[in-house]
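Notes follow once the structure below has been shown.
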Amino acid sequence: MSLFVKKGSTKKEEARNRREVKKMFQKADRDGDGKLCREEWFRVLNSSGCPTSMEDVVEFFEKMDRDFDGKLSFDELMGEETPLERLFQSMDKDGDGAVTQQEFLSVCKNLSQEQIEEAFNKFDTSGDQRLDFKEFCEMIHGKQNSM
């Protein structure tokens, strides 16, 4: 259920509310990348009469940024499944919460085994020869964990 939907509201009310939130989201997205950075969210909240500290914004992002890119997509903001989560689930054939090289290869047929091994060597920070969702996201975003 979305953060911005009231309990007991009708489908029509939910759709109208979603459109209003989407409009506000797009207005707040000053750089037009389809995601809100912390500064954009901070500005929106404070300019709309909701005094918020940057510390509160950071905490909110840590909770809501499910694809670990440091920004919030509209789906993340609404508490809905993101395209990246759907992609991960489509690759995780056995539903165990991790993607093996074979599962990855079954979806990304244009990649060679060598390319997949290279990606896993770089982003499999746990060393279990599988990518959990965080490792998968870091690979997609091209960010290596700085541990």
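Atoms considered below: every heavy atom in the structure, side chains included; atoms not considered: hydrogens, waters and symmetry mates.
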- Message: Between M78 and F25, is the side chain to side chain contact (heavy atoms under 4.5 Å, CB included) condition met? List the steps.
- Response: CA-CA 10 Å; M78 297 298 287; F25 181 92; over 6 Å; no
Give me the atom names and distance for the closest heavy-atom approach of [X] to [Y].
X: V107; Y: K93; answer: CG2-NZ, 4.0 Å
X: A28; Y: V44; answer: CB-CG2, 2.9 Å
X: Q101; Y: E117; answer: OE1-CG, 3.2 Å
X: E76; Y: M64; answer: O-CE, 3.1 Å
X: F88; Y: V99; answer: CE1-CG2, 3.3 Å
X: A98; Y: D96; answer: O-OD1, 2.9 Å

- Task: For the pair R130 and D128, find out whether any cationic side-chain nitrogen is under 4.0 Å from an anionic carboxylate oxygen.
- Result: yes
Does some side-chain heavy atom of [Y] sit less than 4.5 Å from a side-chain heavy atom of [X]?
X: E55; Y: V58; value: no
X: K71; Y: D33; value: yes
X: S90; Y: L87; value: yes
X: N46; Y: S48; value: no

- Can you say whether the rings of F60 and W41 are parallel (under 30°), tilted (30 to 60°) or perpendicular (over 60°)? parallel
- Message: How about CD on E81, more than 12 heavy atoms from neighbouring residues, nucleotides or ligands closer than 6.0 Å, or not?
- Response: yes
- Task: Evaluate whether atom CD of Q89 has more than 12 neighbouring non-hydrogen atoms of other residues, nucleotides or ligands under 6.0 angstrom away.
- Result: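 Enclosed: over 12 neighbouring heavy atoms sit under 6.0 Å from CD of Q89.
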Return the [atom1] to [atom2] distance between [X] and [Y], rounded to the nearest 0.5 Å.
X: K11; Y: R18; atom1: NZ; atom2: CZ; value: 11.5 Å
X: L36; Y: D29; atom1: CG; atom2: CG; value: 5.5 Å
X: M139; Y: K122; atom1: CE; atom2: NZ; value: 11.0 Å
X: T100; Y: D124; atom1: OG1; atom2: CG; value: 11.5 Å
X: E114; Y: N121; atom1: CD; atom2: CG; value: 10.5 Å
X: F74; Y: E80; atom1: CZ; atom2: CD; value: 6.5 Å

Does any N or O in the side chain of [X] come within less than 3.5 Å of the main-chain N or O of [Y], such that one atom is a donor and the other an acceptor?
X: R38; Y: M54; answer: no
X: E40; Y: R30; answer: yes
X: E138; Y: T125; answer: no

- Starting from the C-alpha separation in whole Å, work towards a yes-or-no answer on side chain to side chain contact (heavy atoms under 4.5 Å, CB included) for D56 and S53. CA-CA 5 Å; D56 290 338; S53 70; 3.3 Å; yes
- Item | side chain to side chain contact (heavy atoms under 4.5 Å, CB included) assessment of L84 paired with R66 | CA-CA 9 Å; L84 202 49; R66 295 190 316 274; over 6 Å; no
- Task: Could you check K35 against D67 for side chain to side chain contact (heavy atoms under 4.5 Å, CB included), going step by step and ending with a plain yes or no?
- Result: CA-CA 12 Å; K35 293 191 168 215; D67 67 3; 2.9 Å; yes
